[in-house]
Amino acid sequence: MAEPLPPQYNPQENEDALYRWWEEQGFFRADAASEREPYVIVIPPPNVTAMLHMGHGLNNTIQDVLIRWRRMQGREALWLPGTDHAGIATQNVVERLVAKEGKTRYDLGREAFVGRVWEFVHETGGVILQQLRAIGASADWTRTRFTLDESLSRAVREVFVTLYEKGRVYRGHRIINWCPRCLTALSDEEAEPAETQGKLWHLRYPLAEGAEIPGLPRLPDGRQYMTIATTRPETMLGDTGVAVHPGDERYAALVGRELDLPLTGRRIPVVADEYVDPEFGSGAVKLTPAHDPNDFEVAQRTGVATLNVMTPEAAINGEAPEPFRGMDRFEARRAVVTSFEELGLLEKVEEHTHAVPHCYRCDTVVEPRLSEQWFVSMKPLAEPALQAWRDGQVRFHPERFGRTYEHWLENIRDWCISRQLWWGHRIPVWYCGDCGETIVAREDPTSCTKCGGSALEQDPDVLDTWFSSWLWPFSTMGWPEDTADMRKFYPNSTLVSGHDILFFWISRMIMAGLEFRGEVPFRDVYLTGMVRDHLGRKMSKSLGNGIDPLVVKQRFGADALRYTVVSGSGAGTDQLLNYENLDETFGPGRNFANKLWNAGRFALMNLGDDPRVPLDEVSADLEPMDRWILSRLSKSVREVTDSLERFRLQDAATRGYEFFWGELADWYLELVKPRLRGDMGDASRRAAQATLAQALDGALRILHPVMPFITEVVWQKLPKAEGEAPALIVAPWPQPRPEWEDAAAERAIEELQAVIGAVRTIRGEYGIQPAARVPLRIPGASDEVKAVLDASRRALRDMCRVDEVEFAGADGEVGASAVLRSGTELFIPLAGVIDLDKERARLRDEIQRLDGHIAGTEKKLSNESFVARAPENVVQYERDKLASFGDQRGKLAEKLQALEGAA
RNA sequence: GGGCGCUUAGCUCAGCUGGUUAGAGCACCGGUUUUACACACCGGGGGUCGGGGGUUCGAAUCCCUCAGCGCCCACCA
């Protein structure tokens with residue numbers, strides 16, 4: 001042994017160097033030509049501009065645990081990393097940079113702007129992949145992919161064209177979610193509803209002249225009117241009708257008549273449609289087909305006209321009357337309300353809470369907008385995806401997310417995939433300027449397929465980011481080419497992701513896998529919860545409540561981070577981490593790493609430099625404690641493996657922890673010390689060494705997936721058996737060893753533990769000096785117990801300061817006794833150990849004091865007026881107190897009796 | 001408005017298909033420099049398992065109900 005190791009583990013000294021070595025050795029690389037059974041995870045690609053946060057920390061640690069475990073099991077384990085171009089998000093970032101130069105993307109022009117984004121991505125992108133290395137992610141970096149890579153772009157194009165050919169991609173005029181700040185369409189999933197305190201304005205629309213409807217109210221000037229309610233009064237500028245329910249008798253006579261739309265000078269019809277709920281508000285709905293999806297549908301059915309009154313920026317356009325033109329939508333809202341008020345047409349205003357959709361990227365209020373977009377019709381894709389789940393081809397962990405998945409798929413709506421952005425996959429569609437033909441092609445066309453003209457113009461839009469992400473499980477493998485990776489590593493095995501992108505990503509991947517490959521892309525889906533702060537809030541930059549994983553690594557080590565997130569919550573469960581007290585949050589993980597380090601140091605000191613002694617060479621000399629720890633190891637291996645198989649990573653981590661700390665370190669190491677010193681002879685020492693090496697080895701292996709660094713550091717320092725692997729990362733996962741499992745040894749050591757525990761408790765209760773040695777009598781010990789106690793005399797001495805053990809009775813002696821759960825009785829003579837007179841006096845005083853309390857409380861409770869008048873809980877409190885005093889007194893009396901001896 | 005989930009020690013959480021005395025870590029109290037580790041060791045206190053009702057020989061666990069919290073979905077203007 002070269003230099004003595006420091007008593008505290010220093011992660012900084014080891015982690016990064018170890019990681020580099022692993023990577024250089026190629027331990028993370030997967031081989032498509034291997035004969036081994038594959039195990040594949042593709043990373044949920046983080047945004048290319050992202051910085052590592054705790055969500056990534058949790059998510060990627062879980063993937064790494066699974067990958068490392070399977071790799072140790074001998075699988076050809078591939079963890080494929082990569083990043084997402086993140087259309088809107090990345091474009092927004094670069095637009096902000098350009099804005100600092102006082103320019104917009106339009107000033108630069110499309111080509112130059114996209115060039116700027118690429119520049120930015122090349123300079124700063126992919127930082128997160130470096131950060132993932134810091135927390136130990138054992139991904140195959142030689143296979144790193146980016147959603148805009150040429151090969152992945154080919155997959156995107158193939159899929160778009162194929163779906164178009166099948167009639168599943170189509171272009172249509174629809175009301176879509178429009179972000180007036182990003183100036184693009186959004187999918188339904190990208191429009192996030194937020195509870196908002198708004199208002200419900202009740203507006204009066206006068207009946208056009210010439211009609212008289214009985215029962216309809218009148219304005220002061222005598223005109224009759226209808227009341228409609230709206231949360232967005234500004235849209236009335238684009239109203240083209242009012243709808244009522246066909247069965248609503250109040251308005252039956254109105255259907256077909258016209259109303260004067262205030263402020264506009266236009267006349268609009270009253271129509272009937274089932275959509276209207278006669279119970280809500282006045283039972284009449286204003287129709288703004290260009291700015292509301294439902295109104296649009298009603299208009300389609302009833303033939304009401306469509307009028308767009310807003311610009312892409314959501315300002316009022318030239319279709320609206322003069323005073324409102326150019327106003328922002330919220331400004332126009334105030335102006336419209338004011339005008340109605342002035343005209344005496346504002347009936348009332350109510351408070352109204354409702355869900356207002358916001359852009360998921362910039363949080364601007366989404367404006368529904370009529371425009372021409374590309375869609376994927378989803379029903380045909382959803383059905384097989386639903387069936388695959390019902391058939392059990394894909395399973396969710398936890399299972400309950402299957403129902404969420406089912407519900408979404410059953411109610412699926414078409415997916416708007418075109419985006420009015422510049423950063424992304426350009427839509428492979430061209431329009432012929434000569435004959436108007438639409439050309440959708442895998443290769444860029446040079447002339448019109450119909451008229452042969454060359455005036456082709458490509459569709460200016462790009463595809464939704466998720467339109468490339470949903471192909472990720474196979475596009476990363478080289479599809480549509482028939483590659484070796486495709487054959488070996490597809491389908492994938494497990495997908496690990498936050499449940500927040502179940503719809504965005506996971507469901508769509510399942511659909512794409514079934515549609516384009518005829519099978520599910522992965523068998524198991526592990527959904528992580530969200531990482532929150534200790535108040536249950538989402539971690540966010542604006543709240544300043546985030547935890548930087550790299551700071552955690554710096555202060556506590558990557559292993560501590562990993563242990564904390566893996567042991568801290570199960571699948572689907574949110575994890576609460578206190579950002580204000582990192583010591584409390586990550587200290588336990590760091591302490592555990594330190595424990596591993598020190599157990600390793602201890603072993604190194606005691607095992608020496610010689611090659612490891614194989615267990616079968618010492619089998620004749622194994623003692624119960626040896627057989628016990630081996631038995632426990634075998635069972636722990638089984639439990640950890642079983643937990644991992646069932647995706648119960650939390651249990652796997654804590655079981656490894658309990659075995660290592662609670663059994664190996666706390667008990668075996670202590671019990672075995674005298675033997676390692678050589679107190680019990682050479683054969684016993686060699687048996688102890690062989691067992692210790694074996695137990696430590698097994699413990700390190702089962703903990704390695706969770707805490708790869710410290711386990712590797714320790715394992716590599718330990719003496720090796722002949723021909724053993726060069727690194728723990730590629731060492732085999734241990735098997736349970738039924739031949740080691742030994743019920744008798746477990747019983748014996750449990751008894752020994754109970755004895756030691758009982759002696760320690762007695763020592764504490766009687767305040768025996770820590771250094772004082774006590775005799776121990778165990779009269780009724782079985783032969784089994786006798787044997788183990790006898791063999792462990794020295795350990796017993798050290799562990800609870802017992803100096804002699806006798807199996808004879810304790811006639812008339814004064815002392816403390818205890819009965820173990822097994823029924824074994826044990827007795828510790830106290831004469832000469834403690835000052836008996838003083839102890840007896842102390843006990844008598846205590847009893848006397850308690851008697852006083854008891855008498856007082858009894859008196860109180862026997863006082864009828866107290867019991868009658870005092871509140872119930874006060875009386876109960878007194879009763880509880882009395883019972884507690886009684887218990888305490890009983891215990892003290894027992895002790896006193898013991899000390900008074902047989903006399 | 002639908003659907004899902006949660007409520008167990010001061011805090012963060014285990015407790016799987018009902019069965020010995022409900023567990024862990026942290027925090028708390030007391031003790032220990034016993035040469036692997038004070039990021040440790042030893043001992044200890046602390047829970048009417050959200051409330052109520054039911055099924056059962058037996059319920060933290062199953063059923064009903066009430067309350068509180070959270071998430072997802074949804075076109076009620």
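Order of the sequence lines fixes the chain letters, A, B, ..., with proteins taken first and strands second; residue numbering starts at 1 for each chain.
- Nucleotide rC6(B) is matched to rG68(B) when pairs are restricted to Watson-Crick or G-U wobble geometry with both distances under 3.5 angstrom.
- The side chain of R403(A) places an N or O atom within less than 4.0 Å of a non-bridging phosphate oxygen (OP1 or OP2) of rG5(B).
- Distance check on atom P: rG1(B) versus rC63(B) gives 24 Å, rounded to whole Å.
- A close approach under 4.0 Å does not occur between any side-chain nitrogen or oxygen of K538(A) and OP1 or OP2 of rC71(B).
- When the side-chain nitrogen and oxygen atoms of N411(A) are compared with OP1 and OP2 of rC73(B), none of them lie within a distance under 4.0 Å.
- A 6.0 Å sphere centred on CD of E399(A) holds no more than 12 heavy atoms belonging to other residues, nucleotides or ligands.
- Between W661(A) and rC41(B), a side-chain N or O to OP1/OP2 separation shorter than 4.0 Å is present.
- At whole-Å resolution of the value, CG in D295(A) and P in rC75(B) are 13 Å apart.
- Distances were taken from every side-chain heavy atom of H352(A) (C-beta onward) to each of rA14(B), rA77(B), rG31(B); the shortest belongs to rA77(B).
- Nucleotide rA77(B) holds its P atom 17 Å from the CD1 atom of I175(A), rounded to whole Å.
- For rC28(B), the paired nucleotide is rG44(B), the pair qualifying as Watson-Crick or G-U wobble because both relevant distances are below 3.5 Å.
- The closest side-chain donor-acceptor pair between N177(A) and D188(A) falls under 3.5 angstrom.
- Inspection of the Y360(A) and E190(A) side chains reveals an N or O donor paired with an N or O acceptor under 3.5 Å.
- If you take atom P in rA27(B) and the same atom in rU65(B), they sit 43 Å apart, rounded to whole Å.
- Dashed line: the shortest gap from a side-chain N or O of T761(A) to OP1 or OP2 of rG44(B) is under 4.0 Å.
- Of the residues F503(A), W505(A), F396(A), the one that meets the ring pair (Phe, Tyr, Trp, His ring centres under 6.0 Å) test with Y405(A) is F396(A).
- Between K673(A) and rU34(B) there is no side-chain N or O to OP1 or OP2 distance below 4.0 Å.
- Rounded to whole angstrom, the span from the CG atom of L535(A) across to the P atom of rG70(B) amounts to 13 Å.
- Between R413(A) and rA74(B) there is a side-chain polar atom (N or O) within less than 4.0 angstrom of OP1 or OP2.
- rC37(B) atom P lies 12 Å from atom CG of N606(A), rounded to whole Å.
- Between Q575(A) and E584(A), it is Q575(A) whose nearest contact on RNA chain B lies nearer the 5' terminus.
- The base of rA24(B) is not paired with the side chain of Q650(A) by any donor and acceptor separated by under 3.5 Å.
- In this structure, Y225(A) has its ring center no closer than 6.0 Å to that of Y205(A).
- Between I710(A) atom CD1 and rC39(B) atom P the separation is 16 Å, expressed in whole Å.
- A straight line from CG of D574(A) to C1' of rG70(B) spans 8 Å, rounded to a whole angstrom.
- Between rA14(B), rA36(B), rC76(B), one nucleotide has an atom nearer to the side chain of F280(A) than all others, and that is rC76(B).
- A donor-acceptor contact under 3.5 angstrom links the side chains of S636(A) and R655(A), judged on distance only.
- The 5' end of RNA chain B is approached more closely, in terms of each residue's nearest nucleotide, by D798(A) than by the other of T230(A) and D798(A).
- Computed from coordinates, the D273(A) CG to rC75(B) C1' distance equals 12 Å when rounded to whole Å.
- In terms of phosphate contacts, R590(A) brings no side-chain nitrogen or oxygen within less than 4.0 Å of OP1 or OP2 of rC26(B).
- In this entry the distance linking CG of L409(A) with P of rC4(B) reads 17 Å, nearest Å.
- For rU17(B), there is no paired base (Watson-Crick or G-U wobble, both distances below 3.5 Å).
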